[in-house]
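A short write-up of the structure that comes next.
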Amino acid sequence: MGRTTVRAALALTVSLRADAQIEPGAIAADYTAQGALAGKEFTLNLKKQLKKGPVVLYFYPMSFTPGCSAEAQAFAAATPEFKAAGATVIGMAADPIDKLKDFSTKDCASKFAVAQATPAIIDGYDVALKRNGTKTAMTSRTSFVITPDGKVIYAHSEMSPAPHIRNTLAAVKEWRAKRPK
């Protein structure tokens, strides 16, 4: 995907996220949450993850549903490309930690962490899934790319999982291309 195409996709994304609190250019809300990687529980903190490089933070409604499983499997397959660009992928859902531990091994293939999206995190990122205009306890399918300084450079909300992987990877690669290793 060329830079012009990525810029066009990013411009379109900004218009789709016009109602969100966290838009490109904003500083991402820091959080600490219980997470799981390869079935092992741990405490995950955004600021610590950002010390390693950019973070692709994606929210999904519920582990082990068809769309969420497909999205996790696609992120897992693309993990080598994200790592090559220096990015860390983190998935978040309002699921119990035991469910996330299982999901981290099965659908995430032990390639990236998933964490609990608490009500405070959901509110901080404005990612509550709405049904008939009413917020639910689940998260919408929303992806962010956050740079090491905490700045959001990409935001996208859409129930189809496919664009999330492709577009976040393109945003990370474009950011990386401007910063030689």
Side-chain angles (χ1 to χ4, degrees), residues 1-33 35 37 42-60 67-68 70-93 104 108-115 117 121-127 139-181:
M1 186 181 287
R3 285 182 190 214
T4 304
T5 306
V6 171
R7 283 191 188 105
L10 293 175
L12 175 61
T13 300
V14 172
S15 68
L16 292 173
R17 294 287 301 157
D19 63 325
Q21 289 178 340
I22 306 296
E23 296 180 21
I27 298 299
D30 188 25
Y31 63 82
T32 298
L37 176 61
F42 71 102
T43 301
L44 188 140
N45 176 264
L46 179 62
K47 278 189 180 178
K48 286 183 182 175
Q49 296 299 313
L50 289 171
K51 288 179 182 180
K52 301 175 195 172
V55 167
V56 173
L57 177 62
Y58 85 93
F59 291 87
Y60 62 96
C68 297
E71 184 177 30
Q73 291 164 9
F75 267 116
T79 296
E81 289 182 83
F82 282 104
K83 284 185 178 181
T88 300
V89 174
I90 300 169
M92 290 195 98
S104 75
C108 303
S110 301
K111 302 252 180 162
F112 63 91
V114 288
I121 294 170
I122 293 169
D123 286 346
Y125 281 85
D126 195 21
V127 293
T139 65
S140 60
R141 188 176 316 280
T142 303
S143 299
F144 300 96
V145 175
I146 306 166
T147 60
D149 62 358
K151 190 177 189 181
V152 174
I153 61 165
Y154 176 82
H156 180 74
S157 189
E158 177 182 349
M159 287 310 284
S160 175
H164 293 271
I165 296 85
R166 178 180 61 246
N167 294 352
T168 56
L169 183 57
V172 168
K173 285 180 175 181
E174 182 174 333
W175 178 84
R176 177 57 66 199
K178 295 175 184 175
R179 287 151 192 81
K181 290 184 181 182

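Because the structure is a prediction, the values reported are computed rather than measured. The chain is numbered in sequence order, starting from 1.
Every residue meeting the side-chain contact (heavy atoms from CB on, under 4.5 Å) condition with P148, not counting sequence neighbours, appears here in chain and number order: P54, W175. Listed by chain and number, the residues in a side-chain contact (heavy atoms from CB on, under 4.5 Å) with T88 are Q49, K52, V55, I90 (sequence neighbours excluded). Shown here are the side-chain contact (heavy atoms from CB on, under 4.5 Å) partners of K48, two or more places apart in sequence or in another chain: N45.
Two residues are said to be in side-chain contact when any heavy atoms from C-beta on lie closer than 4.5 Å; S104 and L37 fail this criterion. Residues F112 and F82 have side chains not in contact (no heavy-atom distance under 4.5 Å, counting atoms from C-beta outward). With a 4.5 Å cut-off on side-chain heavy atoms, M92 and L57 count as touching. In this structure, the side chains of V114 and F75 stay at 4.5 Å or more apart for every pair of heavy atoms.
Heavy-atom minimum distance, S160 versus P163: O-CD, 3.3 Å. Looking at every heavy atom in both residues, Y58 comes nearest to S143 through CB-OG, 3.5 Å. The two atoms that bring R176 and G86 nearest to each other are NH2-CA, 4.0 Å, heavy atoms only. Closest approach of G150 and L50 over heavy atoms only: CA-CD1, 4.0 Å.
Just one residue in the list V56, T168, I146 forms a side chain to side chain contact (heavy atoms under 4.5 Å, CB included) with Y154, and that residue is T168.
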